[in-house]
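So you know, we letter chains A, B, ... as the sequences are listed, proteins then strands, and number each from 1.
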Number of protein chains: 2
Amino acid sequence: MAKDKKQPRPKAETPKGFRDYFGADVDERKAMLDRIAQVYHRYGFDALESAAVETVEALGKYLPDVDRPNEGVFAWQEADDETWLALRYDLTAPLARVYAQHRNDLPTPYRRYAMGPVWRNEKPGPGRFRQFYQCDADTVGSASMAADAEICAMLADTLEAVGIERGDYLIRVNNRKVLNGVLEVAGIAEDDTRAAVLRTIDKFDKVGEAGVRELLGKGRLDASGAYIDGVGLSDEQAGPVIAFLMAGDEVDRRLVAGLELAKDLPKGVKSHIQDARDARDPVVAKKLSVSTEAFATRNRMMLKYLSEVVENSSVGAEGVEELEQISGLLEAQGYGPDRIVIDPSVVRGLGYYTGPVFEAELTFEILDDKGRPRQFGSVAGGGRYDDLVKRFTGQAVPATGISIGVDRLLAALRAKGRAGVEARGPVVVTVMDRDRMADYQAMAGELRAAGIRAEVYLGNPKNFGNQLKYADKRGSPVAVIEGADEKARGVVQVKDLILGAQIAESATLEEWKERPSQVEVARGDLVKEVAKIIAAHGGDDG
Amino acid sequence: MAKDKKQPRPKAETPKGFRDYFGADVDERKAMLDRIAQVYHRYGFDALESAAVETVEALGKYLPDVDRPNEGVFAWQEADDETWLALRYDLTAPLARVYAQHRNDLPTPYRRYAMGPVWRNEKPGPGRFRQFYQCDADTVGSASMAADAEICAMLADTLEAVGIERGDYLIRVNNRKVLNGVLEVAGIAEDDTRAAVLRTIDKFDKVGEAGVRELLGKGRLDASGAYIDGVGLSDEQAGPVIAFLMAGDEVDRRLVAGLELAKDLPKGVKSHIQDARDARDPVVAKKLSVSTEAFATRNRMMLKYLSEVVENSSVGAEGVEELEQISGLLEAQGYGPDRIVIDPSVVRGLGYYTGPVFEAELTFEILDDKGRPRQFGSVAGGGRYDDLVKRFTGQAVPATGISIGVDRLLAALRAKGRAGVEARGPVVVTVMDRDRMADYQAMAGELRAAGIRAEVYLGNPKNFGNQLKYADKRGSPVAVIEGADEKARGVVQVKDLILGAQIAESATLEEWKERPSQVEVARGDLVKEVAKIIAAHGGDDG
């Protein structure tokens, strides 16, 4: 072996948990974000783009006094003054920093939106990445419930603007204060116990009423036979929590029983929702959309029921009052419960919410990995957080906002076939004679000038088959061919690659004869012919 | 002092060298990048978005075997396997990694564009930031000069598409091989000496022919009186370098002397360029744009002259031949020397270029910080780099591309008043009666539905003056007012804030009377009236 060994080649690998996006994937996300930005802009929200990097101190959550504070975030230390810097893990923490820093120059209230990648230093897994997009809109400096209502209305408009039809989504609204009121009424004061109760509430969808009752009490044998320790509440303490959780069912029961509303309910609705839980099922709700107006009353019934549950808690009553305001404002603007509903089961993970919380759910079904239908689920969430800016300034600044899960919403649009970008390759002008590159480039130039995406083949032109394979890989609609013979006769061959592929796959010889996939046209008619073929296949996105 | 001191508040500060972009700044950059992407797309380039994070190993340049390899990049170590990760410092290194990793799935040649932030761990300074945007287009896998010519043509189209008029920019093309040929002819073989010569060539614009001659030789007293050591070349070695540097002057001299072209030169041109250097001055060239066709010959004369300078070097001859191909292809497509010129003075800093190099310069004058006119200068650069992918695969892959300095180009558009985004705030619906928020939101909703950017004031409505101040800060064109009185009479007040500001600033009382800045209209005419006012001020961007 020689002494000075060659350095090994670096591996060409995306770092673990990161990924590359190609072509149409980038275009589709961009098109969706553009549509979202347009709605936000029209609502008076201004764009904000802060840097990817913040001081760890400003990000909060992670403290600079440990040796390497990069749990959860990607962090490193500045060489000169040992400040810890980190990549932002969301768009809310930077907003709090920006607002505290620039508050004298910004309008109050400050409506802003932000779109961009955030980073999480977590163990990557299937579908779990360490860099992903977020898309947020927040109003800072307004304590008015009108700000929360506006966020919900804007979210509904946004979902429709990107291509989610009304009826295919539902925005659920709850209020942390109502939850706190329930905990107060139940006599649960310790933070740890409160957190355990919230975690249990979040499991309601999985384990149902009986399961939650067990988990709030002594504990529960789960399906695998393992014993899950309970929170240890007494039956009396668990009571208000269960009553709160069953709000949906209870309201639906009252609705169905016709105690309050029998005469408003359209014919047939009653039989549809004999199973009270049906009424909370958005798929059923969608089927019942004819009865939207009758169901508007359901929100009011829900609020009444909740006020009963928390009647001995002032914070709880405040929460119900806030929900009433939001609900009233939204209904006045025509955002009825077919789009936005009061739903006590919405908890939202983040600890910093202090009032209303929102969650947007897509209610249509898709097939999961195993081909089973399931509801698409949550694509956006948010709420009011009045304490974030206080960290910096000492003064509480009311704020409320929403964050859209960009990748999930995009996946939903794709599942619905509404990602809206023509993923078509360019027209490929093939090279028959490498000394006539200028001629071929002139053709591409003419096509582009007519708004048609086009390129000249720039690989080794020797093997013509490779050029057509290339065009195929590019998803090209058309290949243009001009050999010496064509040149001499003043013509070009225009090959319809989409039709060609269709013929190759399915057509009978008969059809093939009637619609040849390659035509010869005068050189001067090149652009006209290509445009015709592309139009026949559904337009161009050049 | 109490024992458990409160934790100090974090500072609300952008980390050193980073910045926040607000509103119109974000919109303008986005609008520009959208226009660029449209041109790239039409040329057949596909979007690529790789992650911000790469392994230090893949980035190259910085090696993982030192203790903290974060010189120049922001780097940190993975917790589990101690891999060093870093933020990308440009978009080319990630492209090389992506191409090496995905080459079997990508078309060859692969045309891609990428836009996004890059990060440099450098000392920040005035106008020098540690995160900034780049916007690249590259063709990987084609050795053809047609790929380089295409990049240049596309760059010209791009500059015009974003709003730089023809005549306001010039794309200069050189070839590293010609430079290497000159060094070969001069008998300069050592890498260090070659690098020193290249650095000296770069100073030509500053110190002129005599200065370069001194710096290539023994050295030179600079303006401050300090002595700058020279490269130490003999006069014979310096000769070819000087001849190369003077190519522009020499060609112009020949041109002016009419040795080859006298009869082609339009009347008056000769007198314009009595000072030969004038002819290289793009401002003069622009004035002479009538003579574009005659000047086309200048490229050919330049190529002939360069081939004389490097005639004993095969690599030099190869470089001239490549320039001839590029020049020929571009001229055939109508990209004459009024847009793209051969210019031997283009060196380009980066060491990895192996063939043609490009630089786009804006030739119009702007005023510098001290109010003196100066040419705007370079906004894009690039070239051919055939060795980047080889690091990963061992196989050389030809590649060529261009990188646009996004911030500089945007600054140029702003200087020209062509950033093209209406930086107008939303219509503000003021709140006279806080119990009627739903009414005000209905107005905003109607305006939005008509495509007009609008919002309801969400601050404390008590002080009406604050609401108008807010509207002013937002740059609102119109404020809408509906108090109890208006409500009762079924009308609204519509206040033209732009006109109001004009009146406040300059108008006489007479004018004010004729055009009141506030009108009362029927509630039903709100949208019509607002639209009319906005149209009168030059349209809406809602």
Residue part contacting chain B, namely of [X], when any heavy atom lies under 4.5 Å:
X      : answer
A:Q441 : both
A:A100 : both
A:K469 : neither
A:A96  : neither
A:L330 : neither
A:E78  : side chain
A:Y470 : side chain
A:R19  : backbone

### Summary
One option among A:N466, A:V427, A:T393, A:V456 has the most heavy-atom pairs under 4.5 Å with chain B, and it is A:T393
#### Entry: Closest-packed option against chain B by number of heavy-atom pairs under 4.5 Å, given A:T139, A:V428, A:D439, A:D105
A:D105
### Task
Tell me, for B:P426 versus chain A, whether the close heavy atoms (under 4.5 Å) come from the side chain, the backbone, both or neither.
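Contact with chain A: side chain only.
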### Task
Could you tell me which portion of B:D81 (side chain, backbone, both or neither) has an atom closer than 4.5 angstrom to a non-hydrogen atom of chain A?
side chain
### Query
Does any donor atom in the side chain of B:T55 or A:E13 lie under 3.5 Å from an acceptor atom in the other side chain?
no
Please name the pair of heavy atoms, one in [X] and one in [Y], separated by the smallest distance, quoted to 0.1 Å.
X      : Y      : answer
A:R453 : B:F45  : NH2-O, 2.7 Å
A:V53  : B:Q131 : N-OE1, 4.3 Å
B:L458 : A:A146 : CD2-CB, 3.6 Å
A:P10  : B:F392 : O-CD2, 3.5 Å
A:K473 : B:N104 : NZ-O, 3.1 Å
A:A58  : B:K11  : CB-O, 4.1 Å

### Audit row: A:L85, B:R130, side chain to side chain contact (heavy atoms under 4.5 Å, CB included) steps and yes/no
CA-CA 13 Å; A:L85 300 181; B:R130 304 208 285 175; 4.0 Å; yes
### Message
A:V26: which residues meet the side-chain contact (heavy atoms from CB on, under 4.5 Å) condition with it, sequence neighbours left out?
### Response
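A:V26 satisfies side-chain contact (heavy atoms from CB on, under 4.5 Å) with A:Y21, B:A47, B:E49 only.
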### Task
Can you check whether anything in residues 107-115 of chain A gets within less than 4.5 Å of chain B, heavy-atom wise, and list it by number?
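Listed by number: A:P107, A:T108, A:P109, A:Y110, A:R111, A:Y113.
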### Message
Run the side chain to side chain contact (heavy atoms under 4.5 Å, CB included) test on B:D80 and A:K16 for me, step by step, so that the C-alpha distance in whole Å, both residues' side-chain angles and the decisive distance to 0.1 Å come before the verdict.
### Response
CA-CA 11 Å; B:D80 54 350; A:K16 264 182 302 177; 3.3 Å; yes
### Message
Quick one: does any side-chain atom of A:R42 pair with a main-chain N or O of B:A449 as donor and acceptor, under 3.5 Å?
### Response
no
### Task
Go through B:R97 and A:T14 one step at a time and tell me if the side chain to side chain contact (heavy atoms under 4.5 Å, CB included) criterion holds.
CA-CA 8 Å; B:R97 192 268 304 155; A:T14 326; 3.3 Å; yes
### Query
Would you call the rings of A:W76 and B:W76 parallel, tilted or perpendicular, where under 30° means parallel and over 60° means perpendicular?
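The arrangement is parallel - the two ring planes meet at less than 30°.
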### Task
Evaluate whether atom NZ of A:K390 has more than 12 neighbouring non-hydrogen atoms of other residues, nucleotides or ligands under 6.0 angstrom away.
no
